[in-house]
Amino acid sequence: MTATDRPLDVVILAAGQGTRMKSSLPKVLHPVAGRPMVAWAVKTAQELGARQVVVVTGHGAAQVEAALAGSGVLFARQQQQLGTGHAFLCGLDAATDHTSADVLVLYGDTPLLRVETLRDLLDDHRRRGSAFTVLTGELPDATGYGRIIRDAAGNVERIVEQKDASPLERTVREFNSGVYLMDARASELAHRITNHNASGEYYLTDLLALYRAEGDEVHAFRLADPAEVMGANDRSGLAEAEGIIRQRITGMHMRAGVTIHMPETVYIEDTVTLGRDVTLEPGVILRGQTTLADDVVVGAYSVITDSVLEAGAVVKAHSVLDGAHVGTGSDVGPFARLRPGTVLGSGVHIGNFVETKNAQLAPGVKAGHLAYLGDVTVGEETNVGAGTIVANYDGVNKHRTTVGAGVFIGSNSTLIAPRTVGDAAFIAAGSAVHDDVPEGAMAVARGKQRTIEGWSRRYWSGLREQVSAKLPWLAGWLGRQGG
């Protein structure tokens, strides 16, 4: 088997508590750009082509394992926190047939590490025939990091921790990222790690010396951008990491032909797909499995989650879409809310302060303002007047209403489900429709108007008497005001 043919197994260390987060949520589950930190590591490992991905859990193990359920990873629990070397062994013991594979160590709290960087690391490791490669970086001041000490030939001789470094060693700018790539002897050698140190822990860095004792050279692969291995240890670090990922995502979309006004204000998760000539105005948030086709425009401060917008659709400012499908050339908003199960055909108009839920609107439907359309099917070219409500809930169950094509629903009407309104029907404004409306019929369902002459004068006269009796001070004040 050649080096390039060897499988790759990845062990992700995610057992730490992360006390600086000051949270009941395990550190590695804190989200960055919509994805838990540990899930970024899993995604990167899988994109790298890993045969097996083992996540080592400890603090909050059940929560971490639940969050990653269905992601195709294996789990290993570190029951006792005995150091990184011990955690690594737990991961290796959970893998199957790892004796033929290269092994890569990643961490559950470093979401910025790119798959491209790891691919270059893997290529370099295999091209040089390395047994052990450490990913390093260089900083003007590497205080806090373990330093990389090289021998005369330029190979890595050892890693010295900050607290153990001499004054000269502390001037070294090359630091240890903690990411290691090893050959198939990793398990055998890791079992030789001891805890004969002041902390009584098993250190993963001791593997380097064990490989060298076998006569192997240890190589380093240096990061172009040290920020990739930046860990998020507190809420400030989370915000910094998220800012970097957001810049990466918006930059990628802009290079692909998306216009983003004020990209520093726009939030796009990496699961979102955007077509060419999409325009995003300031403050837009795109989440989950959202797809925007070519020429879609999303207005300022709109939030779209798990939705599909077909070509040329327009979402105006301050609209919220969740689990919706918007047809070609349709427009939504401003201040509209499309809830799960909403499907708009082509050329549909949903105006301001219109809410839909589990609603299917055929091409050409118009609901301009102030309406609630829940559990309803509406036929082509129907007009829904302002203030229309589909009363779909009887207090126990939801009921469905069907409205035909070419229907006119007058303003301030209520359709009391379950109802069927036939094609080309007409519903007079202010009607409370409690019976089906046949095709081509007009429904008028409102009380007959009564006009009572002189009512206002008698009403206000009576009111003044009540005020004088109960609130004389107010009556006096009204009198002084000429009321």
Side-chain angles (χ1 to χ4, degrees), residues 310 313-316 319 321-453 455:
E310 296 183 11
V314 175
V315 175
K316 298 175 184 176
S319 295
L321 282 67
D322 183 4
H325 189 117
V326 179
T328 304
S330 292
D331 68 283
V332 176
F335 295 99
R337 184 184 182 196
L338 273 54
R339 293 167 59 191
T342 294
V343 178
L344 308 185
S346 60
V348 171
H349 169 62
I350 297 293
N352 50 288
F353 302 105
V354 173
E355 180 180 355
T356 64
K357 190 270 298 181
N358 196 20
Q360 287 78 54
L361 277 57
V365 170
K366 294 177 175 57
H369 24 240
L370 301 165
Y372 173 67
L373 306 176
D375 296 297
V376 65
T377 300
V378 182
E380 294 185 14
E381 301 297 335
T382 284
N383 184 85
V384 179
T388 294
I389 294 173
V390 177
N392 57 330
Y393 184 49
D394 64 7
V396 178
N397 298 305
K398 300 288 181 69
H399 301 279
R400 192 159 191 87
T401 291
T402 300
V403 177
V407 172
F408 182 91
I409 303 175
S411 296
N412 205 36
S413 293
T414 302
L415 278 60
I416 304 172
R419 288 281 69 80
T420 298
V421 179
D423 294 346
F426 190 104
I427 296 174
S431 293
V433 178
H434 49 77
D435 291 316
D436 291 348
V437 182
E439 178 180 345
M442 181 177 77
V444 182
R446 59 192 183 208
K448 183 178 180 180
Q449 179 175 324
R450 295 173 61 206
T451 303
I452 303 172
E453 298 289 344
W455 179 88

* Under the side-chain contact (heavy atoms from CB on, under 4.5 Å) test, which residues partner Glu310, sequence neighbours left out? -> His325, Thr328
* To do: Give a yes or no answer on whether the side chain of Gln360 reaches the backbone of Gly345 with a donor-acceptor pair at less than 3.5 Å.
  => no
* Taking Val365 as the fixed residue, which of Val378, Val407, Ile350 is the one that meets the side chain to side chain contact (heavy atoms under 4.5 Å, CB included) rule? -> Val378
* Minimum-distance pair of heavy atoms, taken over all atoms of Asp331 and His349 -> OD2-ND1, 2.7 Å
* To do: Walk me through it: do Leu344 and Val332 pass the test side-chain contact (heavy atoms from CB on, under 4.5 Å)?
  => CA-CA 10 Å; Leu344 308 185; Val332 176; 3.9 Å; yes
* To do: Check step by step if side-chain contact (heavy atoms from CB on, under 4.5 Å) holds for Val390 and Val403.
  => CA-CA 11 Å; Val390 177; Val403 177; over 6 Å; no
* Using the side-chain contact (heavy atoms from CB on, under 4.5 Å) rule, take Ile409 and Val433 through it: C-alpha gap first, then chi angles, then the decisive distance, then the call. => CA-CA 10 Å; Ile409 303 175; Val433 178; over 6 Å; no
* Is a donor on one side and an acceptor on the other found under 3.5 Å between the side chain of Arg339 and the backbone of Thr356? -> no
* What's the spacing between Glu355 CD and Leu370 CG if we round to 0.5 Å? -> 12.0 Å
* Structure fact -> Value for CZ (Phe353) from CZ (Phe335), rounded to nearest 0.5 Å, stands at 5.5 Å
* Asked: How long is the gap from CG on Asn412 to CD1 on Ile389, to the nearest 0.5 Å?
  -> 7.5 Å
* Indicate the atoms forming the closest heavy-atom contact of Ala313 with Gly327, along with that distance. => CB-O, 3.9 Å
* To do: List the atom of Pro438, the atom of Ala425, and the distance in Å for their closest heavy-atom pair.
  => O-CB, 3.8 Å
* Could you walk me through whether Val315 and Leu321 pass the side-chain contact (heavy atoms from CB on, under 4.5 Å) check? -> CA-CA 9 Å; Val315 175; Leu321 282 67; 4.0 Å; yes
* Asked: Looking only at atom types and distance, does a side-chain atom of Ser330 sit under 3.5 Å from a main-chain N or O of Gly347, one as donor and one as acceptor?
  -> yes
* Any idea which heavy atoms bring Ser319 and Gly333 closest together, and the distance? -> OG-CA, 3.4 Å
* Structure fact -> What one should report as the nearest heavy-atom pair of Ser413 and Gly430 is OG-N, 3.6 Å
* Under the 3.5 angstrom rule, does the side chain of Arg337 hit a backbone N or O of Lys357 as a donor-acceptor pair? -> no
* Asked: Can you tell which of Asp375, Thr377, Asn392 makes a side-chain hydrogen bond (donor to acceptor under 3.5 Å, both in side chains) with Asn358?
  -> Asp375
* Closest heavy-atom contact between Ala336 and Gly351? -> CB-O, 3.6 Å
* With distance as the sole test, does Thr382 use its side chain to make a donor-acceptor pair with the main-chain N or O of Gly404 at under 3.5 Å? -> yes
* Asked: Taking the side chain as C-beta and beyond, is there a heavy-atom pair between Arg400 and Pro418 under 4.5 Å?
  -> no
* **Interatomic spacing from CZ in Arg419 to OG1 in Thr402 - rounded to 0.5 Å** => 11.0 Å
* To do: Return yes if some donor-acceptor pair links the side-chain N/O of Asp322 with the main-chain N/O of Pro340 below 3.5 Å, else return no.
  => no
